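These notes concern the structure reproduced below.
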Amino acid sequence: MHLIDNETKVDLLNNEPIAATVVKLLRASADTAVTVGLHGDWGAGKSSLLAMIEAAFAGDKEISCLRFNGWQFQGFEDAKVVLLEGIVGELVRSRKLSAKALQLAKNLMSRIDWLKLAKKTGSLLITAHTGIPTPDIIGDITGGIGALIDHPGETISKEKLKEALDGAKDVLKNSTPRHVPEEIHAFREEFDELLGETGIKQLIVLIDDLDRCLPKPAIETLEAIRLFLFTSRTAFVIAADEAMIEYAVREHFPDLPAAAGPLTYARNYLEKLIQVPFRIPALGAPETRIYTTLLLIQAEVGETDPAFLKLLAAARELLKRPWRNPVLDRAAVEKAMGDRLSPGVQAAITLSQQISPILADGTKGNPRQIKRFLNSLLLRYAIADARGFAEDITRPALAKIMLAERFMPRVFDRLARLGANSESGKVGALAAIEEIARATPTPAAKKGAGNGQGPPRKQESPKATAATDAETTELVEAWRSDRALLTWARIDPPLGELDLRPYLFVTRDRRIYFSGSGAESRLDAWIDRLMGGSMAVAGLEGELRGLPETDLDLLFEAVRDRVLETEDKMVAPAGIAGLSVLAKVHPPCQRRLVEMLEDLPLDGLGPWVVRGWSDVITDGGAQARLRVLIDRWAQQEQSPSLSTVAKQVRNIPAGKGGR
């Protein structure tokens, strides 16, 4: 079983009403120019919404609907040029054009080629001033031909020479001055005329994955859209996370004075471009339960199964009013799919009820994260089956362990070490904390006290058989006040009496649990060195580069856990310098470092966390996430000193210090 993590036209989230509303708006705006924004976090379902909108216009001969993904062209072509060429090319391909329309399309392509060649020569002087190629540009063009000859390592073909010469002649033969304002005005007029000639009542362009692009192609795409803002019968639907686009705008305008407020400017830029914003809401707890149940049952029976389609229709009815706390329980599933449910469907219902509460809270209702967790669960169970020890594990127990792995990594790591080093694979502290969790009333039970439900059960101490050694007692005392851990421990099935070793084996991404005492002691020595002062740790960089990548991953995880366990985070905890040097030596650690920073609680978090990352975090994706995180720190109110420093750093252009 596997859940496809791509856009889908099978709506499990009840997002079709949003798509239908956008379609209705677009049809009502056919005579004007309109730009719609579909905003939501990564994995919120934006691409699936675009697929629904595209499907709604399929077969409508009076409307041309084009899909554009700038991320696919990143690093290969100018996103602005690709989008312009794609729009004009789609009109040519999708319609039988008159001679006049073909000439208009040719004129438009010529204007696009002019912009493209100007950019390839490395200067906009051709457009900004006289409109005539300067001697430098002529040199750039002929230099391109010379470059083919000067690099014997490259194949020089007749086609390459002809392409270079044709490009030069196209610019040089036209001595008529061409200026940017006139070109833009002419482009808009000819494009509007082309739409009239084709008989298209409306052109709709769907822009996807803009928030995955680096700042430059993201801005190029937005600037291309700006050309059409005043062109009637054109509509754009932009699916993107606002925070990432705001970051791209700020990166594009790095020298804005602090008084201008780069964040405010970025939002104003986006608001002027997008006339109608739609925000895709995150899933709440009831919606997550229903979505998880649908995913697991879909994995069992398939999305085209008639019984599943009936269940999907019933689920959508429930999702219409999520404030009523709807439940897709066994009775509801039987009503839709029939009384005789297969064992797989029954297991899916039970598993969903067990894991959904923590999954909803941990993923913040993000559909992609939910789907990836379930995919990982199904894949790991399949691996256990393929290796021949599936009878030693159960899906519910595996899911519970994976919840701890994903959302409580420190707890998971401690349990993993204890379980791996136990002769029976059992962890006494886990049995004790599960007993305490079941004896501790839930918030709902506390509300029920005094309302005829009787007093809550008395909290008991762990049994002597479950907590005998000092480490177990210490763990239980530390864990019993952790509300999130108690919620997790309360989930069925209990794990305290299980042999955890087969579960740890199938979940292990970090082999230290089964690596043996020699490897453990060797890494422990490194961990102690990485917990030292910044000057001492800086001198370890050369030695660290000689370690295997697997050891570097293990060291990062171990030092990270020690940092997270530090109570006082008003000043930089010991180990931060160690994590920094590990991230420099082993770039894949940079993303995990940002993830750790994202997980730090705001209460008691000092301003040290904002600065000092410019030489450490160099990966583009990690940098983008850090910038978004700094924005979040700047806007929060729980730690005033953190907010003040974050605002200062946010206003410093990238590359000029601070981050």
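Nothing here was measured: the structure is a model prediction, and the numbers come from that model.
Remark: the backbone N or O of Asn14 is paired with a side-chain donor or acceptor of Asp11 at under 3.5 angstrom. Judged purely by atom type and a 3.5 angstrom limit, Lys46 uses its side chain to pair as donor or acceptor with the backbone of Gly40. Of the possible polar contacts, none joining the Glu54 side chain to the Phe57 backbone as a donor-acceptor pair under 3.5 Å is found. Between the Ser352 side chain and the Arg289 main chain, a donor and an acceptor come within less than 3.5 Å of each other. Distance alone, capped at 3.5 Å, places no donor-acceptor pair between the Gln635 side chain and the Arg632 backbone. Between the side chain of His39 and the backbone N or O of Ile280, no donor-acceptor pair lies under 3.5 Å. With Asn15 contributing its side chain and Ile18 its backbone, the two residues share no donor-acceptor pair below 3.5 Å. Put simply, the side chain of Asp392 never gets that close to the backbone of Pro502: no donor and acceptor are under 3.5 Å apart. Remark: the backbone N or O of Leu26 is paired with a side-chain donor or acceptor of Gln202 at under 3.5 angstrom. Of the possible polar contacts, one joining the Gln590 side chain to the Asp619 backbone as a donor-acceptor pair under 3.5 Å is found.
Proximity of Ile290 to Pro326: side-chain heavy atoms (C-beta onward) are separated by under 4.5 Å at one or more points. When side chains are defined from C-beta on, Pro396 does not count as touching Asp492, because their heavy atoms never get closer than 4.5 Å. Between Leu642 and Leu602 the shortest side-chain heavy-atom distance falls below 4.5 Å. The closest side-chain heavy-atom distance from Phe68 to Thr221 is below 4.5 Å. Contact annotation: the side chain of Leu25 approaches that of Phe278 to within less than 4.5 Å [non-hydrogen atoms, C-beta and beyond]. No side-chain heavy atom of Leu475 sits under 4.5 Å from any side-chain heavy atom of Val427. Contact check for Leu498 versus Leu430: no side-chain heavy atoms found under the 4.5 Å cut-off. Looking only at side-chain heavy atoms (C-beta outward), Leu500 and Ile401 come within less than 4.5 Å of each other.
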request  = Evaluate the side-chain contact (heavy atoms from CB on, under 4.5 Å) criterion for residues Ser643 and Glu637: first the C-alpha distance (whole Å), next the side-chain angles of each, then the deciding distance (0.1 Å), finally the verdict.
outcome  = CA-CA 7 Å; Ser643 175; Glu637 298 178 353; over 6 Å; no

task = Step by step, work out the side-chain contact (heavy atoms from CB on, under 4.5 Å) result for Asp305 and Leu309.
result = CA-CA 6 Å; Asp305 182 84; Leu309 295 177; over 6 Å; no

side-chain contact (heavy atoms from CB on, under 4.5 Å) between Val276 and Thr35, intermediate numbers included = CA-CA 6 Å; Val276 185; Thr35 307; over 6 Å; no

request  = Could you go through the salt bridge (charged side-chain N to carboxylate O under 4.0 Å, His left out) check for Arg67 and Asp208 one step at a time?
outcome  = CA-CA 8 Å; Arg67 190 86 171 266; Asp208 198 9; 3.5 Å; yes

ask   = Can you list the steps and then say if Leu295 with Ile370 is a side-chain contact (heavy atoms from CB on, under 4.5 Å)?
value = CA-CA 9 Å; Leu295 284 174; Ile370 294 169; 4.2 Å; yes

key: Verdict with supporting geometry, Arg380 and Asn375, side chain to side chain donor-acceptor pair (under 3.5 Å)   = CA-CA 8 Å; Arg380 285 172 168 179; Asn375 263 335; over 6 Å; no

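Test Lys400, Arg490, Arg480 against Glu434 for salt bridge (Lys or Arg N to Asp or Glu O under 4.0 Å) and you get one pass: Lys400.
Residues meeting the side chain to side chain donor-acceptor pair (under 3.5 Å) test with Glu595, sequence neighbours left out: Arg591. Every residue meeting the side chain to side chain contact (heavy atoms under 4.5 Å, CB included) condition with Arg321, not counting sequence neighbours, appears here in chain and number order: Trp323, Arg324. Every residue two or more places apart in sequence or in another chain that forms a side chain to side chain donor-acceptor pair (under 3.5 Å) with Arg330 is listed here: Glu334, Gln346.
Salt bridge Arg592/Asp599: absent, no basic N to carboxylate O contact under 4.0 Å. Salt-bridge formation is not detected for the pair Lys335/Asp329: no Lys NZ or Arg NE/NH1/NH2 atom is positioned less than 4.0 Å from an Asp or Glu carboxylate oxygen.
If you take CD on Glu317 and CG on Leu312, they are separated by 11.0 Å, rounding to the nearest 0.5 Å. For the atom pair Ser48 OG and Leu13 CG, the distance stands at 7.5 Å (nearest 0.5 Å). Separation of atoms CE (Met408) and OG1 (Thr487) is listed at 8.5 Å; rounding is to 0.5 Å. One distance of note links OH of Tyr291 with CG of Leu283; it measures 7.5 Å at 0.5 Å rounding. For the atom pair CD1 (Ile274) and CZ (Phe236), the distance works out to 12.0 Å, reported to the nearest 0.5 Å. Note that the CD atom of Glu477 and the CD1 atom of Ile433 stand 8.5 Å from one another [nearest 0.5 Å].
Counted by atom type alone, Arg372 and Asn366 present zero donor-acceptor pairs between their side chains at under 3.5 Å. For Asn69 and Asp209, the side-chain atoms include at least one donor-acceptor pair closer than 3.5 Å. Checked by atom type, the side-chain pair Gln369/Arg406 shows a donor-acceptor distance below 3.5 Å.
The minimum heavy-atom distance between Ala384 and Ile393, with the atom names listed, is CB-CD1, 3.5 Å. Considering all non-hydrogen atoms of both residues, Ile297 and Ala348 come closest at CG1-CB, 4.0 Å. Minimum heavy-atom separation, Arg395 to Leu351: O-CD1, 4.2 Å. The shortest heavy-atom contact between Tyr503 and Thr394 is OH-N, 3.0 Å. Scanning all heavy atoms of the two residues, the minimum distance from Phe308 to Leu294 falls at CE1-O, 3.6 Å. Between Leu210 and Ala240, the closest heavy-atom pair is CB-CB, 4.2 Å.
Within 6.0 Å of atom CD in Glu391, more than 12 heavy atoms from other residues, nucleotides or ligands are found, so the atom counts as buried in its surroundings.
Between Phe389 and Phe505, the ring planes are perpendicular. Angles over 60° get that label, and only those under 30° would be called parallel.
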